[in-house]
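Position 1 is the first residue of the sequence; numbering continues from there. Any value given below was found using the heavy atoms of this structure, including those in side chains, with hydrogens, waters and symmetry copies removed.
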Amino acid sequence: MTVEEFLAEWHNESPTILVHTSGSTGQPKPMLVEKRRMGASARITCQFLGLHEGDTALLCMPLDYIAGKMMVVRALTCGMRLVSVEPKGCPEWEGTVDLAAMVPLQVWNLLQQAPERLRQIRHLLIGGGAINDELAEALKDFPNYVWSTYGMTETLSHIALRRLNGPERSDWYTPFEGVTVSLNDEGCLVIDAPAVHDGPLVTNDIAELLPLTTHHSALTTHQFRILGRKDNVICSGGIKIQIEEVERLLRPHLAAPFMITKVPDTSLGEQVVLLTESTDIPAIQTLCRSVLPRYWQPRRILFVDHIPMTATGKPARAEAERLAQGL
């Protein structure tokens with residue numbers, strides 16, 4: 001989709017726009033979202049970041065997904081100048097911009113090839129995938145503002161941010177004003193954001209809450225951090241293993257792309273499987289024994305040509321399971 005095509009859709013008489021989920025846990029799904037709620041989300045973000053009319057917004061993500069669409073809506077709603085460039089792995093643009101949103105892969109590529117471009121962004125939003133320790137370390141002393149976003153298609157992009165750099169860097173997300181969070185009986189995050197979603201939204205993200213007293217009143221709300229997804233739990237021999245935690249421990253030690261997944265097991269119920277683009281399987285086995293708890297160690301390590309990813313750069317978990325079961 002081009003900017004012109006999106007603008008034509010935005011300005012037509014329909015109160016809704018068709019968007020697609022990212023497909024990180026299955027096939028992308030179509031859904032209709034209300035334009036008025038997209039506008040509300042845009043205003044909340046601009047207010048939180050202190051953006052004003054005349055500021056510059058950079059569009060370097062595909063318009064097929066909510067992140068790209070919302071960048072255009074923010075520019076329209078808040079009166080910002082929109083600069084649209086090709087949505088590729090290492091975006092190219094000229095001059096300074098006040099707001100940009102990228103996936104982790106784009107940020108990593110720019111750090112390697114053109115770090116001076118990143119320094120021209122006053123507010124950099126990073127979302128659509130996990131920010132690993134190496135990327136976070138590279139950004140911690142960066143100038144300006146670097147944010148990790150939390151949200152999904154259903155919340156019309158992000159509803160909370162956390163700083164990745166400077167003295168305010170944190171592992172905890174701070175919800176926008178008007179957004180409250182809680183946990184259900186399974187420990188999953190529940191979002192109440194009436195401006196952008198009708199009714200509470202129960203996520204599959206296992207989270208931890210931290211009470212936070214706002215500066216504006218005595219109202220106590222909560223910050224939160226994400227531990228992993230409920231559907232990314234491997235139950236092996238009665239032990240519950242969070243896929244993201246296994247990957248976090250391995251990531252500093254494995255150079256080649258990899259992913260943790262699972263396959264059914266007759267005696268254990270499920271077994272841990274590691275997919276890797278490296279052919280040095282014995283070295284990976286030795287490494288896993290040295291850095292992982294005994295019950296977290298992969299029962300199988302499988303070579304694949306390419307680790308499955310979605311179009312937005314997230315791990316394609318469902319595809320990884322199917323791949324592992326077929327090998």
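Side-chain rings of F48 and W147 approach one another, their centers coming within less than 6.0 Å.
Rounded to the nearest 0.5 Å, atoms CD (E92) and CG (L110) are 9.0 Å apart. The CD1 atom of I206 sits 5.5 Å away from the SG atom of C188 when rounded to the nearest 0.5 Å. Rounding to the nearest 0.5 Å gives a distance of 6.5 Å between CD of E277 and NE2 of H306. Between the CG atom in L250 and the CD1 atom in I260 there is a gap of 5.5 Å [rounded to 0.5 Å]. Distance OG/S157 to CD1/I44: 11.0 Å, rounded to 0.5 Å. Taken to the nearest 0.5 Å, the OG1 atom of T261 stands 4.5 Å off from the CD atom of E321.
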*asked:* Please evaluate residues L59 and V85 with respect to the criterion side chain to side chain contact (heavy atoms under 4.5 Å, CB included), reporting the C-alpha separation (whole Å), side-chain torsions for both, the decisive distance (0.1 Å), and the verdict.
replied: CA-CA 6 Å; L59 173 64; V85 300; over 6 Å; no

Are Y150 and I226 close enough, and set up right, to give a side chain to side chain contact (heavy atoms under 4.5 Å, CB included), and what steps lead you there?
CA-CA 9 Å; Y150 179 84; I226 302 300; 3.8 Å; yes

*Does the pair L201 and T155 meet the rule for a side chain to side chain contact (heavy atoms under 4.5 Å, CB included), with working shown?*
CA-CA 9 Å; L201 176 63; T155 60; 3.6 Å; yes

**Asked** Step by step, would you call D265 with E270 a side chain to side chain contact (heavy atoms under 4.5 Å, CB included)?
**Response** CA-CA 5 Å; D265 184 273; E270 295 174 328; 5.7 Å; no

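Under the rule for a side-chain hydrogen bond (donor to acceptor under 3.5 Å, both in side chains), R300 has no partner lying at least two apart in sequence or in another chain. Applying the side-chain hydrogen bond (donor to acceptor under 3.5 Å, both in side chains) rule to R117 yields no partners; only residues at least two apart in sequence or on another chain are considered. T286 pairs by the side-chain contact (heavy atoms from CB on, under 4.5 Å) definition with R289, not counting sequence neighbours.
Using modelled atom types and a 3.5 Å distance limit, the side chains of R163 and T174 yield no donor-acceptor pair. Judged purely by distance below 3.5 Å, without hydrogens or angles, the side chains of K230 and N184 never pair a donor atom with an acceptor atom. Inspection of the Y173 and T149 side chains reveals no N or O donor paired with an N or O acceptor under 3.5 Å.
Crowding of Y295 atom OH: a count of heavy atoms from other residues, nucleotides or ligands under 6.0 Å not exceeding 12. For E94, the CD atom counts as loosely surrounded, since its 6.0 Å shell holds 12 or fewer non-hydrogen atoms of other residues, nucleotides or ligands. Heavy atoms from other residues, nucleotides or ligands lying under 6.0 Å from CD of E116 number more than 12. Under a cut-off of 6.0 angstrom, the local environment of NE2 in H52 is sparse, with at most 12 non-hydrogen atoms contributed by other residues, nucleotides or ligands. Residue Q47 qualifies as open at atom CD: its count of foreign heavy atoms under 6.0 Å is 12 or below.
Between V3 and L63, some side-chain heavy-atom pair lies under the 4.5 Å cut-off. When side chains are defined from C-beta on, V33 does not count as touching T16, because their heavy atoms never get closer than 4.5 Å. Considering only heavy atoms from C-beta on, E244 comes within 4.5 Å of N232 through its side chain. Side-chain atoms of L249 and W296, non-hydrogen and from C-beta on, do get closer than 4.5 Å to each other. With a 4.5 Å cut-off on side-chain heavy atoms, I241 and V233 do not count as touching. Contact of the T77 side chain with the C46 side chain is not registered, since no non-hydrogen atoms from C-beta on lie closer than 4.5 Å. You'll find the side chain of S41 reaches within 4.5 Å of the side chain of V196, heavy atoms only. At least one side-chain heavy atom of P87 sits less than 4.5 Å from a side-chain heavy atom of P62.
Salt bridge E134/R251: absent, no basic N to carboxylate O contact under 4.0 Å. The residues R122 and D55 are annotated as salt-bridged, a charged nitrogen and a carboxylate oxygen being separated by less than 4.0 angstrom. A salt bridge links R248 with E245: the closest approach of a Lys/Arg side-chain nitrogen to an acidic carboxylate oxygen falls below 4.0 angstrom.
Just one residue in the list I121, L118, L124 forms a side-chain contact (heavy atoms from CB on, under 4.5 Å) with V146, and that residue is L124.
Judged purely by atom type and a 3.5 angstrom limit, N165 uses its side chain to pair as donor or acceptor with the backbone of N144. Not one N or O on the side chain of K140 forms a donor-acceptor pair closer than 3.5 Å with the backbone of R169. At distances below 3.5 Å, at least one donor-acceptor pair connects side-chain atoms of T203 with backbone N or O atoms of L189. With hydrogens and angles disregarded, a donor-acceptor distance shorter than 3.5 Å links the side chain of Q242 to the backbone of R229. Distance alone, capped at 3.5 Å, is enough to place a donor-acceptor pair between the S290 side chain and the L287 backbone. With hydrogens and angles disregarded, a donor-acceptor distance shorter than 3.5 Å links the side chain of W93 to the backbone of G95. Here the side chain of K240 pairs no donor or acceptor atom with the backbone of C235 at under 3.5 angstrom. Under a 3.5 Å cut-off, the side chain of H197 and the backbone N or O of D192 do not form any donor-acceptor pair. Although no hydrogens or angles enter the test, the distance criterion places a donor-acceptor pair under 3.5 Å between the side chain of N12 and the main chain of E9. The backbone N or O of A316 lies less than 3.5 Å from no partner atom in the side chain of T310, so there is not a single donor-acceptor pair.
Under a hydrophobic-cluster definition in which Ile, Leu, Val, Met, Phe, Trp and Tyr are linked whenever side-chain heavy atoms come within less than 4.5 Å, directly or via other members, L327 and V273 are assigned to the same cluster. Linking Ile, Leu, Val, Met, Phe, Trp and Tyr whenever their side-chain heavy atoms come within less than 4.5 Å puts L51 and L161 in one cluster. A continuous path of hydrophobic side-chain contacts links I126 to L111 [ILVMFWY only; heavy atoms under 4.5 Å]. Hydrophobic clustering (ILVMFWY, side-chain heavy atoms < 4.5 Å, transitive): I159 and L210 are in distinct clusters. Under a hydrophobic clustering in which Ile, Leu, Val, Met, Phe, Trp and Tyr are joined whenever their side-chain heavy atoms come within less than 4.5 Å, directly or via other members, M152 and M71 fall into the same cluster.
Using cut-offs of 30° and 60° on the angle between ring planes, the pair H158 and F176 is perpendicular.
Pairing each heavy atom of V19 with each of K69, the nearest pair is CG1-CD, 3.6 Å. Shown here for F258 and E247, the closest heavy-atom pair between the two residues is CZ-O, 3.7 Å. Summarising the geometry of S278 relative to A256, their closest heavy-atom pair is CB-CB, 3.7 Å, with the distance given to 0.1 Å. Minimum heavy-atom separation, A324 to V263: CB-CG1, 3.7 Å. For I131 against A136, the heavy-atom pair with the smallest separation is CG2-N, 4.1 Å. Across all non-hydrogen atoms, the minimal contact from Q271 to S236 is CA-OG, 4.2 Å.
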